[in-house]
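Counting starts at 1 for both ligands and their atoms, in listed order.
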Amino acid sequence: MVLRLNVASTCVGTPALGPGWRSVVWVQGCPFRCRGCVAPEWIPDVPARLAGVGELAGELLADERVDGLTFSGGEPMAQAEGLAALARAAREVRDVSVVCFTGFTLPRLKESGLPGVAELLSEVDVLIDGQYVRERDDGLGLRGSTNQVVHHLTGRLADVGYDFEGRPRTAEVRVGEREVALVGVPTADLLKRLAPVLGGPGRSRRER
Ligand code: SF4
């Protein structure tokens, strides 16, 4: 069976969403409705770009410097089977690390019964869990608000000198032919200042 992912967007090679030089997949569709979600256009569960796992792996690793993948969205766990297959396919080519965001808490996730969750968790090095809560956004770290927990499911990224919770936030503005995209976890102030350029909340991860 050819697994396909419903992809909202991708980014090949960025320092803005985890340690090292990472490629990012944002999936389309999320069952949550967090107030202040930075990518509301990716909440509806509608067809976006339907991409095969092999095709995506090739795209994400096209830059030889890429040493990690970040899965975000939308809700990655709603497409866990496909993302697990993507992580495996990528790792056949290169030993990339995997960071994954989810709106589920880890305990809730384990009880969710969603297909492919255990499979995906077995591929993830760092899981950042929980919904975005605007009132608990302290403007720091790769997680969007302080209720979210950074789980080092493996030790791979625990000692690389990257402070997932307390580092100053970074975001990257990418100017394409047809759009301007914001990649990373921006502070609320940065989002506000860039809103006129982005024409809306912008493409940005992660504010869970
Ligand atoms: S912040 Fe994340 S979990 Fe919340 S609605 Fe947006 S995409 Fe879904």
Side-chain angles (χ1 to χ4, degrees), residues 5-11 14 16-18 22-51 69-84 86 98-117 120-121 124 126-151 153 164-165 169-172 179 181-192 194-195 198-208:
L5 284 153
N6 190 18
V7 175
S9 191
T10 60
C11 167
T14 178
L17 276 169
R22 316 186 68 80
S23 286
V24 187
V25 179
W26 292 273
V27 296
Q28 178 75 42
C30 178
F32 302 106
R33 294 281 184 279
C34 307
R35 199 162 58 87
C37 172
V38 79
E41 70 274 26
W42 295 343
I43 292 176
D45 187 10
V46 296
R49 172 188 166 198
L50 300 177
L69 301 181
T70 297
F71 299 154
S72 189
E75 175 49 61
M77 290 299 163
Q79 299 188 49
E81 282 177 308
L83 288 173
L86 175 60
V98 175
V99 172
C100 183
F101 291 88
T102 177
F104 294 93
T105 60
L106 185 54
R108 207 178 142 202
L109 196 54
K110 287 178 175 168
E111 294 167 357
S112 69
L114 288 170
V117 164
L120 178 53
L121 288 178
V124 169
V126 171
L127 182 80
I128 303 175
D129 79 355
Q131 288 181 241
Y132 173 66
V133 178
R134 188 149 68 182
E135 294 73 20
R136 296 184 65 176
D137 184 345
D138 64 354
L140 291 172
L142 198 62
R143 45 117 177 93
S145 51
T146 58
N147 58 297
Q148 297 172 315
V149 180
V150 177
H151 300 271
L153 301 183
F164 283 84
E165 292 167 336
R169 288 195 183 159
T170 55
E172 182 186 355
E179 64 180 2
L182 184 61
V183 178
V185 183
T187 59
D189 181 57
L190 179 63
L191 261 187
K192 202 168 155 186
L194 286 176
L198 295 168
R203 177 194 304 165
S204 157
R205 293 289 76 188
R206 191 67 311 230
E207 290 253 351
R208 290 185 191 275

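Atoms of ligand 1 found under 4.0 Å from any heavy atom of Gly74 (numbered from 1 in listed order, with element): 7 (S).
Ligand 1 is never approached by Ala39 to a heavy-atom distance shorter than 4.0 Å.
Using modelled atom types and a 3.5 Å distance limit, the side chains of Thr14 and Arg22 yield no donor-acceptor pair. Under the 3.5 Å distance criterion, with hydrogens and angles disregarded, no donor-acceptor pair is assigned to the side chains of Thr187 and Asp189.
A distance-only check finds a donor-acceptor pair linking the side chain of Asn6 to the backbone of Ala48 [under 3.5 Å]. The backbone N or O of Asp137 lies less than 3.5 Å from no partner atom in the side chain of Arg143, so there is not a single donor-acceptor pair.
Only the side chain of Cys30 comes within 4.0 Å of ligand 1, counting heavy atoms alone; its backbone N, CA, C and O stay farther away. With a 4.0 Å heavy-atom cut-off, ligand 1 is reached by the side chain of Ile43 but not by its N, CA, C or O.
Inclusion of Cys34 in the first shell of atom 6 (Fe) of ligand 1 is not supported: no N, O or S atom falls under 2.8 Å.
No close placement of the Phe32 and Tyr132 rings is indicated, their centers lying 6.0 Å or farther apart.
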